[in-house]
Structure formats: structure tokens, C-alpha cells
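For reference, the structure discussed in these notes is given below.
Heads up: numbering here begins at 1 and tracks the sequence. Remember, it's 1-based here, ligands and their atoms both numbered in the order they're listed.
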Amino acid sequence: MSKSQSVWVSRPLFPEVLASLAQYVDVRTEAKETKRTPEQLHKKLAEVDGAIVGLSDRIDAGVLAGNRRLRAIANLGVGYNNLDLPALTAAGVLATNTPDVLTQTTADYAWALLLAAARRVSSAERWLRAGRWRGGMRFDDWLGVDVHGKTLGIFGMGRIGQAVARRAIGFDMHVIYHNRSRLPEAVEHECRAIWVDKAELLQRSDHLVLVLPYNAQNHHAIGADELAHMKPTAVLVNIARGGIVDDAALAAALREGRLAAAGLDVFEGEPSVHSALRELENAVLSPHIASASADTRRAMAQLAADNMLAALGYGPSAGHPPSLLNPQVLGGRGGET
Ligand code: DGY
């Protein structure tokens with residue numbers, strides 16, 4: 001049966017998720033993830049009613065220009081700094097993201113990076129695999145820094161930051177956090193977390209996890225100055241976004257022993273990674289996979305598909321996408337979806 005609306009999916013997705021879309025709309029898929037130019041994106045979007053996109057697809061006024069057909073963009077991710085929300089709203093295009101479903105998995109991964117960086121897991125494994133464990137290892141080789149009992153700093157205390165904090169209870173840590181707005185007392189109590197200003201966060205953290213959204217104000221929120229205020233024994237973990245940390249300044253601090261280690265899942269200009277970081281043994285690096293468990297990536301993809309169908313007027317939430325970022329557009333449409 002021919003379908004009246006079309007949705008473009010900018011990267012390969014789980015077949016069952018595509019099938020759920022295909023019940024209602026004509027689905028246009030891609031065989032692989034590709035970095036597209038604004039012109040290419042403009043062309044793709046001009047031919048469809050909705051698009052499911054990811055972090056590498058920058059949707060701004062330029063790519064929307066002159067497009068009278070597009071009605072919805074569903075982002076595959078909780079972070080949506082790739083979407084120019086005011087431009088989408090001005091164009092009357094609904095925009096959605098994928099919150100909640102990835103909170104716990106992403107918090108788990110912050111801990112994976114923290115433990116790996118503090119205890120030198122990746123570097124030790126590389127050494128072993130290179131056949132260098134031949135006996136004669138000294139008792140004081142491979143010394144890392146402890147995690148349990150230390151002070152954990154969390155910069156950005158939204159849902160994921162809070163989930164990171166709750167896990168620290170099991171490690172008997174003191175948790176301090178900095179966030180634009182202080183959490184309600186009941187939440188602070190439950191997370192056993194104490195609000196501090198940014199300067200105190202930097203100075204007191206034995207381990208600092210970054211979970212803040214990326215925007216113009218947060219560009220290089222951790223730069224040379226901030227790094228200079230951290231303990232030389234500290235470990236820095238970034239699961240938030242590239243650009244929040246000045247990667248060149250971080251590499252210099254790690255190389256010069258002004259910071260013990262870093263666990264990084266996100267980078268400025270990813271997928272390229274600063275060459276100085278790639279050379280450092282005290283940096284644990286991963287390719288933006290904090291949400292990548294089988295269950296969670298499926299749930300994110302399904303939520304993006306559900307958002308899209310609802311935005312185009314189909315399914316149980318027709319007209320009311322579960323994670324809508326610009327409800328003003330619905331008002332403007334007068335409930336027409
Ligand atoms: C998110 O959901 O924001 C992840 O970082 C993937 O982009």
C-alpha cells in the first residue's frame with residue numbers, strides 16, 4: 001500500500017525499528033553512516049516529511065531554507081547541540097530527542113572510564129598484549145589512584161549526573177557537584193551530593209566527571225585555567241560532548257603530569273581525535289559509545305521512531321511526540337497533526 005508521508009533515516013538502524021516506521025510511512029534508509037555537507041542534507045530533507053538524524057547531522061537554518069514539506073526531526077540522542085532549535089521552531093518543524101532511556105547505561109559508562117583511567121586498565125592491557133609481561137615486574141609498577149573513599153566531582157547534575165552520583169554510594173565516596181541551578185534538597189539527599197561552586201569543584205575533586213550539555217557558554221568550560229586548579233592526582237572523565245574540554249590543553253596537562261589521567265568518550269571535532277591525546281598512555285579513549293549497550297541503543301532508536309510517528313500524526317501518541325523539544329510548534333499548528 002502506498003504511504004502518503006516519507007521519513008529519511010540518516011544512518012543504519014535496527015530492522016525492527018525500521019519495520020515499526022514502515023507500517024505507517026515510506027522509509028528511506030542509508031547503508032552506512034556518512035558525514036554529509038549542508039547541501040547534501042538540504043537535498044535529503046527537501047524530499048521527505050520527517051528525518052531521523054544523529055549528532056553528525058547539523059540541522060540549521062541553511063539546511064532548512066525553502067523547505068515547505070519537512071514537519072519533524074527526531075534526533076538519535078539526548079544531547080541535541082546538532083539541532084538549531086530556534087531555526088527548527090521558526091520553520092514550524094517539530095524536534096525531538098531521546099532522554100531517559102539512556103540515563104543508566106551512560107552513567108555505567110562514566111564509571112567504566114573512571115575506573116579504567118584511575119587504575120590504568122587500557123595501558124596495562126596494551127603492555128600485556130605487546131608481550132612485555134616477562135616476569136621481573138616490580139611491586140611498585142602499575143600504580144594507579146584509588147577511587148573508593150575519594151571525592152567525586154560531577155559537573156552537570158541532570159539525570160545522568162544524578163545516576164553517576166548514586167553509583168558513588170557503593171564506592172563510599174564523597175560527592176560534590178556543580179550545576180547552574182541547585183537540585184532540590186530531597187534529590188541532593190538521595191544522591192548524597194553537595195552543591196559547590198565551580199572553583200571549589202575543580203579544587204576538591206579527586207575525580208571529576210563532566211555531564212553538562214554543550215552550548216556556547218560551555219565551550220571550553222574546562223580549559224587551561226580550570227585544569228591548572230585541579231589536583232595533579234585527579235582523573236577527568238568526559239562523557240558529555242566534545243568542545244566542553246579544550247583537548248589541546250588537556251593533552252598538555254596529562255603529558256606534563258599536572259593531571260593523573262583522563263577517560264574520554266567525546267572529542268572536539270570528532271571523529272578526529274587530537275593527535276596529542278592519541279599518544280598519551282594516561283588517556284583512555286573511546287569513540288562516543290557511552291550509550292552503546294544493545295538494549296539502550298535499541299530503546300533510543302525506538303524512541304526516535306515513536307517520536308517521528310507521533311509528530312507525523314500516527315500511532316498511540318499521534319500529535320504528541322513523547323520527547324518534544326519545541327512544543328511551541330504544536331501550538332502554532334493548532335493541533336493539526
Ligand atoms: C547522546 O545521547 O547525547 C549521546 O551522546 C549520543 O549522541
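The aromatic rings of Trp127 and Trp133 lie tilted to each other, with the angle between the two planes from 30° to 60°.
Two residues are said to be in side-chain contact when any heavy atoms from C-beta on lie closer than 4.5 Å; Ser122 and Glu125 fail this criterion.
Within the structure, side chain to side chain donor-acceptor pair (under 3.5 Å) pairs that include any residue of residues 245-255 do not occur (at least two apart or interchain).
Atoms of ligand 1 found under 4.0 Å from any heavy atom of Leu102 (numbered from 1 in listed order, with element): 2 (O). Taking a cut-off of under 4.0 Å to the non-hydrogen atoms of Gly77, the atoms of ligand 1 that pass are 1 (C), 2 (O). Ligand 1 places these atoms under 4.0 Å from at least one heavy atom of Gly79: 1 (C), 2 (O), 3 (O).
Of the N or O atoms in Val78, one or more lie within a sub-3.5 Å distance of an N or O in ligand 1. On a distance-only criterion, Arg241 and ligand 1 share at least one N/O pair closer than 3.5 Å.
Between the side chains of Ser20 and Gln302, at least one donor N or O sits under 3.5 Å from an acceptor N or O.
Listed by chain and residue number, nothing satisfies the salt bridge (charged side-chain N to carboxylate O under 4.0 Å, His left out) test with Glu270 (two or more places apart in sequence, or in another chain).
Ranking protein heavy atoms by distance to atom 4 (C) of ligand 1, first place goes to His288 NE2, 3.6 Å.
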